[in-house]
Amino acid sequence: MIKLALFAGDGIGPEVAGEAVDVLKFLFDYSSIRYEIEEDLIGGASYDEYKKPVTERALKIAKEADAVIFGAVGGPRWESLPIELRPEKALLTLRYDLELYANLRPAKIYEELIDASPLKKDIVRGTDMMIVRELTGGIYFGQPRGVFNMEDGQRKGINTLVYTTKEIERIAKIAFEIARKRRKKVLSVDKANVLECTELWRQTVSEVSKSYPDVELSNMYVDNCSMQLIKQPKSFDVIVTTNMFGDILSDESSMVAGSIGMLPSASLNGKKGMYEPIHGSAPDIAGQNKANPLAAILSVAMMLRFSLDMDNFAQAIEKAVEKVIQNGFRTADIYSNASGTKLVGTKEIGEAVIEELKNNKNK
Ligand code: IPM
Ligand code: MG
């Protein structure tokens, strides 16, 4: 019996996760696979009900599940809460408590969506990269942290960038393993010219690379990398980087891929994983059937691949998504008025993906 946890969250989270779960249920039911899905509130929705962004019960469900499907959290209603109670804290707690240290964020451009990218076609065409972001360390979790009163009456804010060699080694290994199945290139991104911690990062990744002589390693400073991502996105294969640099670079990579509404992610520790679109809760369009559910649907495909050993299902979803795009279905974020395209809503995209899966099964 497959055990899944579902935290749909806030804003567009429930809409996009809802479509993703429908796609999954279709595949499982069709193939008579037994599963159970335990749901709970998370983020702002959990705060409204329980005064906490994540409850003990939710953490227990997540720990007992084979994989977690996550929608999105956050919204203006909760922005002024203390940091410990904000919706985002739920996400960080889940990542930390489940030790999901390896965050995979693929970014590739579909030929049909090339107009959706704000960059020139010739620059983005053929882009296909994987950002491997360290997810449970670095400045997001380092101590000391906080805002402190100083003797002279000022206040002082502190966050600390920390990495141990063990943390760097394990994420580097993941990057090299992934590169082996791709174009065999790893780019490690740091700020080793200024930050000692990332100098250690660079040295440690180089050490790990000795066990992967078939994979080419190069290094880049993060400022240069953010420029090269726009200048020559096709040149990237696997990027491995720290928690915060990965956060920033992955949003940037989404513009190369057309829309942030297209990008899935997996957060892994071995086979255990949490799967979420990289976009946020988009409160401005929540509840209007406007959000693009493809990032959430593609996240479920990653779950089938990485946590459930069902690569055939993962591929079926990825092919169906491609077909839906080829057939011209577009939510507003990827709609460009090109001939043969149709502006549709969240539900229609989800249904179109299921239709494609049905067509393939019947072939
Ligand atoms: C992401 C998000 C999160 C992060 C926020 C919501 C805490 O931006 O998953 O990229 O910073 O990691
Ligand atoms: Mg982010």
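Start at 1 and go down the list; that is how both ligands and their atoms are numbered.
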Pairs under 3.5 Å, nitrogen or oxygen of ligand 1 with protein nitrogen or oxygen:
| from | atom 1 | to | atom 2 | distance (Å) |
| --- | --- | --- | --- | --- |
| ligand 1 | 8 (O) | Asp247 | OD1 | 3.2 |
| ligand 1 | 9 (O) | Arg95 | NH2 | 2.7 |
| ligand 1 | 9 (O) | Arg105 | NH2 | 2.8 |
| ligand 1 | 10 (O) | Arg105 | NH1 | 3.0 |
| ligand 1 | 10 (O) | Arg105 | NH2 | 3.1 |
| ligand 1 | 10 (O) | Arg133 | NH1 | 3.4 |
| ligand 1 | 10 (O) | Asp247 | OD1 | 2.8 |
| ligand 1 | 11 (O) | Tyr140 | OH | 2.5 |
| ligand 1 | 12 (O) | Arg95 | NH1 | 2.7 |
| ligand 1 | 12 (O) | Arg133 | NH1 | 3.3 |
| ligand 1 | 12 (O) | Arg133 | NH2 | 2.8 |

[X], [atom1] atom: more than 12 neighbouring heavy atoms under 6.0 Å:
X      : atom1 : answer
Phe141 : CZ    : yes
Ile83  : CD1   : no
Lys184 : NZ    : yes

### Residue pairs involving residues 306-315 (criterion side-chain hydrogen bond (donor to acceptor under 3.5 Å, both in side chains); sequence neighbours excluded)
Lys271-Asp309, Tyr275-Ser307, Arg305-Asp311, Asp311-Gln315
## Note on the structure
With Phe236 as partner, the option from Thr127, Leu249, Leu229 fulfilling side chain to side chain contact (heavy atoms under 4.5 Å, CB included) is Leu229
#### Entry: Charged tip of Lys210 within 45° of Tyr212 ring normal and under 6.0 Å
no
### Summary
Near the Mg ion (ligand 2), meaning under 2.8 Å, the protein N/O/S atoms are Asp247 OD1
What pairs of donor and acceptor atoms, side-chain ones from residues 62-77 against any protein atom, are under 3.5 angstrom apart with sequence neighbours left out?
| from | atom 1 | to | atom 2 | distance (Å) |
| --- | --- | --- | --- | --- |
| Glu64 | OE2 | Lys60 | NZ | 3.4 |
| Asp66 | OD2 | Lys3 | N | 2.7 |
| Arg77 | NH2 | Asp48 | OD2 | 2.4 |

### Under 3.5 Å side-chain donor-acceptor pair for Asn243 and Tyr101
no
### Message
Just by distance, no angles: are the side chains of Tyr110 and Gln326 close enough, under 3.5 Å, to form a donor-acceptor pair?
### Response
no
